[in-house]
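Atoms considered below: every heavy atom in the structure, side chains included; atoms not considered: hydrogens, waters and symmetry mates. We name chains A, B, ... by the order of the sequence lines, and we start the count at 1 in each one.
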There are 2 protein chains.
Amino acid sequence: MLGEAITFIVESEKLKSVIRRSNPVGMTRHENSAEHSWSLALAATVLIPAVAPHLNELRILKMLLIHDLVEIDAGDTFCYGDQTGKEQREQEAATRIFGLLSPEISQELHEAWREFEAKETAESQLANAIDRLLPLLQNIHNQGGSWAEHHVTYDQVYQRNAELQHSSPELWSYIKKLIEAAHESGILPQKRNLE
Amino acid sequence: MLGEAITFIVESEKLKSVIRRSNPVGMTRHENSAEHSWSLALAATVLIPAVAPHLNELRILKMLLIHDLVEIDAGDTFCYGDQTGKEQREQEAATRIFGLLSPEISQELHEAWREFEAKETAESQLANAIDRLLPLLQNIHNQGGSWAEHHVTYDQVYQRNAELQHSSPELWSYIKKLIEAAHESGILPQKRNLE
């Protein structure tokens with residue numbers, strides 16, 4: 001059981017070389033999926049007491065810590081880009097990577113990953129909301145960041161985050177104001193000028 | 001409460017530019033303290049069921065997620081290097097950084113940081129053990145890594161990890177074998193030849 005855990009930990013190091021589109025605030029390099037996952041889990045520890053103290057915090061933290069591990073095999077798929085084959089690739093990756101663990105731990109983490117992906121429980125909905133909030137904060141504090149680089153529009157960002165209004169109205173109300181402010185300051189135009 | 005949480009989250013991005021001595025397994029760059037913190041929290045989720053299922057998992061995860069935030073102000077201090085002024089710098093940093101949060105969340109996380117540093121509870125002892133295990137795994141899988149670079153010896157590594165024998169005998173027994181194997185394969189000499 002301990003040996004399998006160590007094998008899994010060593011394998012997980014590979015997530016540090018999966019590169020995302022967004023930059024950490026104030027930095028010129030792109031971030032990797034490992035440090036991104038840390039940001040989400042840390043954010044959860046301070047957001048849950050503020051917006052959803054009744055939820056199961058431990059399950060949310062575990063979902064956020066493991067949600068991107070599948071990218072070790074499947075790579076990072078840009079949320080505003082082509083999603084073809086993503087689901088199949090990620091399911092195979094989950095089977096391989098969580099399969100490195102001994103059965104009981106493997107099952108729990110694989111289940112947490114499925115829960116995160118299905119977005120059916122309140123815990124997974126908040127976890128997904130936090131996964132969307134972080135790049136939004138980064139892009140706002142980086143004068144547009146990956147939005148500017150990939151010609152992402154106000155409508156796309158609004159639509160991607162609007163499902164939050166059901167799962168976490170308080171967080172959605174806050175994020176909505178951020179998106180509006182980004183639009184008004186010119187960071188997030190209604191329509192990109194694709195010259 | 002939500003506004004303070006967002007300020008704290010944006011501030012925490014700075015941990016991604018605090019660089020440690022060790023490299024992620026198989027990579028030629030040094031790692032930063034944010035991705036390191038992710039590794040520790042992830043490792044905890046698979047190690048706790050294996051070696052200490054009776055402990056409070058949520059508290060261990062929170063300690064590991066926040067334990068390095070003080071490095072935003074105080075920098076990373078190499079564990080085999082000069083420790084002068086470390087404690088004072090880190091205490092001031094904790095007061096400033098956790099002070100960004102609203103009082104109740106601030107108090108909980110500041111307390112978690114103090115608990116991690118004091119190493120008095122079983123939870124903080126396991127958290128500290130995991131903080132030592134990860135660079136050990138990295139150095140072993142990177143043919144010596146930061147040990148080789150900084151002339152660290154078998155005796156130093158053995159001594160630094162031996163306190164584990166009280167808090168987690170099973171983990172210590174595993175780590176001891178890793179240290180012995182590293183010594184036998186020449187990665188970790190008894191005495192460094194400082195030419």
Practice task
Assess whether atom CD of B:Gln159 is packed by more than 12 heavy atoms of other residues, nucleotides or ligands within 6.0 Å.
Solution key: no
Handout entry: Part of A:Glu4 lying under 4.5 Å from any heavy atom of chain B
Key = neither
Handout entry: Non-hydrogen side-chain atoms of A:Pro24 and B:Lys14 separated by less than 4.5 Å
Key = no
Exercise for the section: Please step through side chain to side chain contact (heavy atoms under 4.5 Å, CB included) for the pair B:Glu13 and A:Leu134, ending with a clear verdict. Expected result: CA-CA 10 Å; B:Glu13 289 279 294; A:Leu134 264 286; 4.2 Å; yes
Exercise for the section: Decide yes or no for B:Ile105 and A:Thr45: does some side-chain heavy atom of the first lie under 4.5 Å from some side-chain heavy atom of the second? Expected result: no
Completion exercise
Value for CD1 (B:Ile66) from CG (A:Leu42), rounded to nearest 0.5 Å, stands at 8.5 Å
Problem - Region of A:Val25 in contact with chain B, defined by heavy-atom distances below 4.5 Å - result: both
Exercise for the section: Would you name the heavy atoms of A:Ile9 and B:Ala43 that are closest together and state the gap between them? Expected result: CD1-CB, 3.5 Å
Exercise for the section: Check the pair A:Val46 / B:Ile6 against side chain to side chain contact (heavy atoms under 4.5 Å, CB included), numbers first and verdict last. Expected result: CA-CA 9 Å; A:Val46 297; B:Ile6 302 282; over 6 Å; no
Handout entry: Side-chain (A:Trp38) to main-chain (B:His36) donor-acceptor, under 3.5 angstrom
Key = no
Handout entry: chain B contact via A:Leu40 - which portion, at a heavy-atom distance below 4.5 Å
Key = neither
Handout entry: Over 12 non-hydrogen atoms of neighbours within 6.0 angstrom of CD in A:Gln107
Key = no
Problem - Separation between CG of B:Asn32 and CD of A:Glu35, rounded to the nearest 0.5 Å - result: 4.5 Å
Practice task
Run the numbers on A:Lys16 and B:Arg29 for side chain to side chain contact (heavy atoms under 4.5 Å, CB included), then give the verdict.
Solution key: CA-CA 10 Å; A:Lys16 295 173 182 171; B:Arg29 64 169 179 85; 3.8 Å; yes
Fill in the blank from the handout: Value for CG (A:Leu61) from CG (B:Leu64), rounded to nearest 0.5 Å, stands at 11.0 Å
Problem - Which portion of A:Leu58 sits near chain B, non-hydrogen atoms under 4.5 angstrom - result: both
Completion exercise
Pair count under 4.5 Å, heavy atoms only, with chain A: among B:Leu137, B:Val10, B:Leu171, highest is B:Val10
Completion exercise
Of A:Ala44, A:Gly26, A:Ser39, A:Ser102, the largest count of non-hydrogen pairs under 4.5 angstrom with chain B goes to A:Ser39
Problem - Residue pair B:Leu47 / A:Ala5: nearest heavy atoms and the distance that separates them - result: CD2-CB, 4.0 Å
Practice task
Against chain B, label A:Glu104 side chain, backbone, both or neither, depending on which of its atoms sit under 4.5 Å from a heavy atom there.
Solution key: neither
Practice task
Would you indicate whether B:Glu149, at its atom CD, is surrounded by more than 12 heavy atoms from other residues, nucleotides or ligands within a distance under 6.0 Å?
Solution key: yes
